[in-house]
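Notes for the one structure printed next.
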Amino acid sequence: MSGDHSHNEDQIDCGSRVNDSHKHKDKYKEKEHKHKDHKKDKEREKSKHGNSDYKDFSEKKHKEKEKMKHKDGSTDKYKDKHKEKRKEDKMRSLDGKIKKEKENGFASPQHFKSEPENDFYHSPKHDKSLKRERDDDNDSEFKSKKIKTENEKKPKKRKQDEDMKSKKTKKLKGEVTDGKKKAKKEPEEKWKWWEEERYTDGVKWKFLEHKGPVFAPPYEPLPSHVKFYYDGKQMKLSPEAEEVATFFAKMLDHEYTTKDIFRKNFFKDWRKEMTGEEKAIITDLKKCNFNEMSEYFKAQSEARKAMTKEDKLKIKEENERVLQEYGFCIMDNHKERIANFRIEPPGLFRGRGDHPKMGMLKRRIRPQDIIVNCSKDSKHPEPPPGTKWKEVRHDNKVTWLVSWTENIQGSIKYIMLNPSSRIKGEKDWQKYETARRLKKCVDRIRNQYREDWKSKEMRIRQRAVALYFIDKLALRAGNEKEEGETADTVGCCSLRVEHINLHPESDGQEYVVEFDFLGKDSIRYYNKVPVEKRVFKNLQLFMENKEPDDDLFDRLNTSILNKHLQELMDGLTAKVFRTYNASITLQQQLKELTNSEDNIPAKILSYNRANRAVAILCNHQRAPPKTFEKSMQNLQAKIDAKRDQLSDAKRELKSAKADAKVRKDEKSKKSVETKKKAVQRIEEQLMKLEVQATDREENKQIALGTSKLNYLDPRISVAWCKKWGIPVEKIYNKTQREKFAWAIDMADDDFEF
DNA sequence: ACGATTACTTAGGAAAAACTAA
DNA sequence: TTAGTTTTTCCTAAGTAATCGT
């Protein structure tokens with residue numbers, strides 16, 4: 001990269017923004033800014049620092065170099081660690097490569113560069129689509145179909161087919177056993193979509209038929225004995241106002257009904273539903289008494305719990321009927337499960353964290369709000385009698401069946417397919433393949449961004465430091481969001497100065513960055529990490545002359561970053577790093593933690609610990625379960641009891657041994673054996689309990705589910721199970737096995753991510 | 001080239017179901 | 001059987017990123 005040239009670009013870049021930015025300049029100078037508008041702030045920052053960039057850098061660079069000469073040694077510790085990690089990765093990917101070439105050729109796209117890919121993405125349609133349409137259902141007999149992975153290579157075909165056959169045989173066995181359990185229920189065997197070709201160029205399906213959504217049940221007015229009081233006086237509400245009142249009444253026990261914003265938003269929206277008279281009377285929420293309503297609903301839920309078995313069964317059957325009718329669609333000759341076929345019922349919006357819209361009324365969705373998507377030649381879903389759909393369209397470039405616009409944020413909601421469906425599964429698989437491609441070039445990218453830390457251009461340095469965080473700390477990209485519309489949360493690119501603290505030295509480590517911010521779902525991210533000196537110096541530079549609520553990376557946003565990433569690798573975006581780092585961490589931790597001598601429960605503990613390492617990396621937290629302490633105590637009690645039992649058993653064994661020594665008869669010998677077995681069994685049970693306790697304790701505030709479901713290449717887990725003879729059911733429950741059927745079917749014990 | 005819109009993935013908590021101990 | 005606990009499923013909010021439209 002030629003310095004002078006880019007420098008010029010930077011200046012041009014700055015210049016071109018002057019027009020925009022000078023608007024804000026005055027505001028900035030006067031320092032009366034409220035920092036309400038961060039976009040504006042960015043512009044302002046630009047104009048302010050704009051032309052002085054270069055100077056800043058050359059000065060800084062000098063200082064840096066000087067210091068680096070002797071300071072470098074002191075950062076060695078960290079750097080070395082880092083280097084080692086890199087080396088490991090490199091080595092792994094090397095021997096991975098060797099194996100892989102033979103291994104699941106069809107699953108792991110060999111290609112690095114553009115050439116095969118171009119072929120895949122840009123080739124004219126061929127006639128794949130036709131194929132797809134016809135030939136399913138009887139695919140239990142082998143068709144030597146190759147899978148179209150995102151970057152498949154032609155020479156692989158042969159191997160693929162062979163591979164597939166062996167896998168298939170295995171899988172078939174599994175299914176037989178499965179079938180026994182379910183007996184009649186599943187006549188058609190599972191469709192292996194992953195053995196078929198994929199659509200190209202954005203077509204998602206050729207045929208789509210479904211029954212439309214299930215609407216929320218209509219409002220049932222309260223029985224007349226359940227009364228509402230305003231200012232101590234009983235008051236009969238109109239059905240519309242009453243319905244909204246019940247939403248509030250149902251939440252009375254929740255803390256947020258005490259929150260000001262919640263109450264304010266609720267009351268405002270409630271009044272909109274009132275009649276003129278009601279509006280005139282009900283002017284103060286504090287004077288509203290919802291207690292009878294609240295009690296009524298509590299009683300209702302009690303009654304529901306206390307229902308007879310038959311009644312419960314009836315409800316269950318009805319649910320099942322609805323599921324059968326509305327829960328499936330036909331997509332390209334296959335019946336597939338729909339994820340959320342029920343329309344969200346009306347209620348009070350509760351966003352997460354400190355949400356400015358909490359308490360607003362989420363309105364009821366009606367047929368005329370609904371857009372239906374299906375194929376032209378399908379039997380279109382019927383709107384309920386006397387109603388009409390907003391629109392019926394036939395867009396096979398999208399995957400949704402139904403959509404509507406929600407009234408709180410004005411965003412679109414969709415009904416889509418279940419994760420076990422082809423359309424979701426293919427995408428998921430593809431996601432991991434992209435991450436695996438990143439694995440192949442991550443070293444190059446890392447070297448690149450480290451170089452960029454030295455760039456003359458502010459925007460490049462910022463980009464490089466942000467990318468470093470995304471890579472090292474698995475931060476989210478951090479799109480900008482409209483202020484005041486949502487809770488104030490950030491990701492990497494939207495970090496503000498106030499979210500980090502720089503410690504030249506902390507706890508004996510140098511160049512420590514302390515992060516403290518709210519991320520997605522208002523989950524706190526707190527972390528203190530030593531960074532490389534250059535990063536540290538850059539951060540100091542980025543923070544210079546900024547207010548706490550100014551953007552840390554004022555020259556960067558996710559679109560700039562992703563554009564850059566796209567140039568580094570096809571299909572690369574910020575979130576791929578999270579997937580990659582999560583999966584590679586799991587693989588490496590499994591390698592490190594699994595003990596071949598361990599029994600199954602201990603191995604599973606190792607698995608959970610590896611999983612936990614990932615969850616911690618990705619900051620997947622949960623509120624400690626309310627019953628955590630108690631449940632821990634219970635478990636401990638169990639352990640104690642088991643210990644007693646064990647010592648009893650041991651004592652008995654001892655005396656049996658003594659007895660046998662004296663008597664030397666068959667009977668007593670046999671008794672020794674039995675006792676020995678008993679001791680062994682109890683020891684095993686004890687150890688199982690202890691493992692469970694450890695696992696639970698370590699998991700107190702960590703949520704494993706999210707990473708398991710969304711970040712960890714399931715083939716890593718499947719391979720691990722196969723390698724150690726662990727039943728995959730121990731790792732994945734039924735739903736998860738359905739979602740990951742492709743991986744369970746295709747991964748061998750030597751799969752390498 | 002941008003802001004807005006759209007499509008789709010990721011997320012934690014609540015509710016329901018399944019399991020277990022009493 | 002019941003009551004309590006744990007696991008699974010449901011729910012839908014909140015992200016990311018691609019695409020649209022100007």
Side-chain angles (χ1 to χ4, degrees), chain A residues 16-17 20 39 202 204 254 301 304-306 309 312 315-316 319 323 339-345 347 349-353 355 357-358 362 371 373 395 397-400 403 405-406 408-419 423-424 427-428 431 470 476-482 485-487 489-494 518-523 557-563 565-566 571-576 578-579 582 615 618-623 625-628 630-635 637-638 692 696 701-711 732-736 738:
Chain A
S16 70
R17 287 173 202 278
D20 286 308
K39 267 176 238 154
K204 304 289 169 53
H254 260 108
S301 78
R304 223 171 308 128
K305 267 187 233 160
K309 256 200 193 136
K312 279 183 182 166
I315 292 177
K316 210 173 162 186
N319 281 339
L323 173 70
N340 55 325
F341 56 90
R342 287 172 205 276
I343 298 271
E344 297 171 17
F349 175 81
R350 172 48 168 137
R352 303 186 186 157
H355 198 116
K357 299 197 171 180
M358 65 170 81
K362 196 165 97 165
I371 301 175
N373 193 33
D395 181 356
K397 298 278 183 31
V398 297
T399 69
W400 53 268
S403 76
T405 301
E406 152 269 352
I408 303 288
Q409 316 277 354
S411 67
I412 308 170
K413 301 265 189 165
Y414 302 93
I415 291 181
M416 292 184 188
L417 297 194
N418 199 67
I423 211 154
K424 292 290 182 190
K427 200 80 186 299
D428 203 37
K431 171 181 77 188
I470 285 170
R476 295 186 185 84
N479 284 320
E480 54 263 75
K481 14 195 268 177
E482 227 175 310
E485 299 291 300
T486 62
T489 63
V490 297
C492 186
C493 294
S494 49
L518 297 182
K520 182 176 179 181
D521 294 324
S522 292
I523 296 291
N557 61 38
T558 53
S559 134
I560 294 171
L561 178 65
N562 281 334
K563 230 164 256 161
L565 292 175
Q566 191 59 238
L572 187 60
T573 62
K575 89 185 185 83
V576 178
R578 248 168 102 81
T579 311
C618 295
N619 200 39
H620 292 143
Q621 299 188 26
R622 61 166 183 178
K626 294 199 170 51
T627 55
F628 185 83
K630 193 159 61 158
S631 120
M632 233 32 226
Q633 275 171 7
N634 291 162
L635 195 53
K638 265 192 195 170
Q692 204 187 339
R696 192 178 296 180
Q701 308 204 63
I702 315 277
L704 299 186
T706 303
S707 50
K708 203 181 213 178
L709 238 49
N710 301 299
Y711 288 102
Y732 292 133
N733 69 29
K734 185 166 140 282
T735 321
Q736 297 169 155
E738 279 166 13

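The chains referred to below are lettered A, B, ... by the order of the sequence lines, with proteins before strands, and numbering in each begins at 1.
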How is [X] classified with respect to the nucleic acid when contacts are heavy atoms under 4.0 Å: base, sugar-phosphate, or nothing?
X         : result
Asn634(A) : sugar-phosphate
Lys638(A) : sugar-phosphate
Lys309(A) : sugar-phosphate
Gly519(A) : sugar-phosphate
Ile523(A) : sugar-phosphate
Pro419(A) : nothing
Ala339(A) : nothing
Asn733(A) : sugar-phosphate
Gly478(A) : sugar-phosphate
Thr399(A) : sugar-phosphate
Lys312(A) : nothing
Ala623(A) : sugar-phosphate
Gln621(A) : sugar-phosphate
Lys362(A) : sugar-phosphate

From [options], nucleotide with atom closest to [X] side chain:
X         : options                   : answer
Lys424(A) : dC8(B), dT6(C), dA7(B)    : dC8(B)
Thr706(A) : dT12(C), dA11(B), dA17(C) : dA11(B)
Phe349(A) : dA14(C), dT5(C), dT6(C)   : dA14(C)
Arg352(A) : dA11(B), dT5(C), dC8(B)   : dA11(B)
His254(A) : dA14(B), dT10(B), dG12(B) : dA14(B)
Asp521(A) : dA17(C), dA11(B), dA14(B) : dA11(B)
Lys575(A) : dG15(C), dC8(B), dT16(C)  : dT16(C)
His620(A) : dT9(B), dA7(B), dA11(B)   : dA11(B)
Thr627(A) : dT6(C), dC8(B), dT16(C)   : dT6(C)

Distance, nearest 0.5 Å, that separates [atom1] of [X] from [atom2] of [Y]:
X         : Y         : atom1 : atom2 : result
Tyr414(A) : Thr399(A) : OH    : OG1   : 9.0 Å
Gln633(A) : Thr627(A) : CD    : OG1   : 11.0 Å
Asn710(A) : His620(A) : CG    : NE2   : 7.5 Å

Could you state the [atom1]-[atom2] distance from [X] to [N], rounded to the nearest angstrom?
X         : N       : atom1 : atom2 : value
Leu323(A) : dA16(B) : CG    : C1'   : 15 Å
Asp395(A) : dC20(C) : CG    : P     : 10 Å
Arg622(A) : dA14(B) : CZ    : C1'   : 14 Å
Gln566(A) : dA18(C) : CD    : P     : 7 Å
Asn418(A) : dC8(B)  : CG    : P     : 16 Å
Met416(A) : dC10(C) : CE    : P     : 18 Å
Ile412(A) : dA7(B)  : CD1   : P     : 5 Å
Lys734(A) : dA18(B) : NZ    : P     : 9 Å

Phosphate OP1/OP2 of [N]: any [X] side-chain N/O under 4.0 Å:
X         : N       : value
Asn340(A) : dC11(C) : no
Arg696(A) : dT6(C)  : yes
Tyr711(A) : dA11(B) : yes
Thr489(A) : dA14(C) : no
Lys630(A) : dT5(C)  : yes
Lys413(A) : dC8(B)  : no
Ser631(A) : dT6(C)  : yes
Arg578(A) : dA11(B) : yes
Asn562(A) : dT16(C) : no
His355(A) : dA13(C) : no

Asn557(A) (side chain) donor-acceptor with Asn479(A) (main chain) under 3.5 angstrom: no
Determine yes or no for a side-chain-to-main-chain donor-acceptor pair under 3.5 angstrom, with Lys312(A) supplying the side chain and Ala306(A) the backbone. no
Quick one: sort the Phe349(A) and His355(A) rings into parallel, tilted or perpendicular, breaks at 30° and 60°. perpendicular
With distance as the sole criterion, is a donor-acceptor pair present between the side chains of Ser494(A) and Lys481(A) under 3.5 Å? no
Mapping Thr486(A) and Met632(A) to their closest nucleotides on DNA chain C, which lands nearer the 5' end? Met632(A)
Assign each of Thr573(A) and Arg342(A) to its nearest nucleotide of DNA chain C by heavy atoms, then name whichever residue's nucleotide is nearer the 5' end. Arg342(A)
Within the supplied structure, the quantity of interest is the number of heavy atoms (other residues, nucleotides, ligands) at a distance under 6.0 Å from Lys563(A) NZ; does it exceed 12? no
Along DNA chain B (nearest heavy atom to each residue), the more 5'-positioned of Leu709(A) and Lys626(A): Leu709(A)
Quick check on DNA chain B: between Lys316(A) and Asn710(A), whose nearest nucleotide comes earlier from the 5' end? Asn710(A)
Thr486(A) versus Gln409(A): any side-chain heavy-atom pair under 4.5 Å? yes
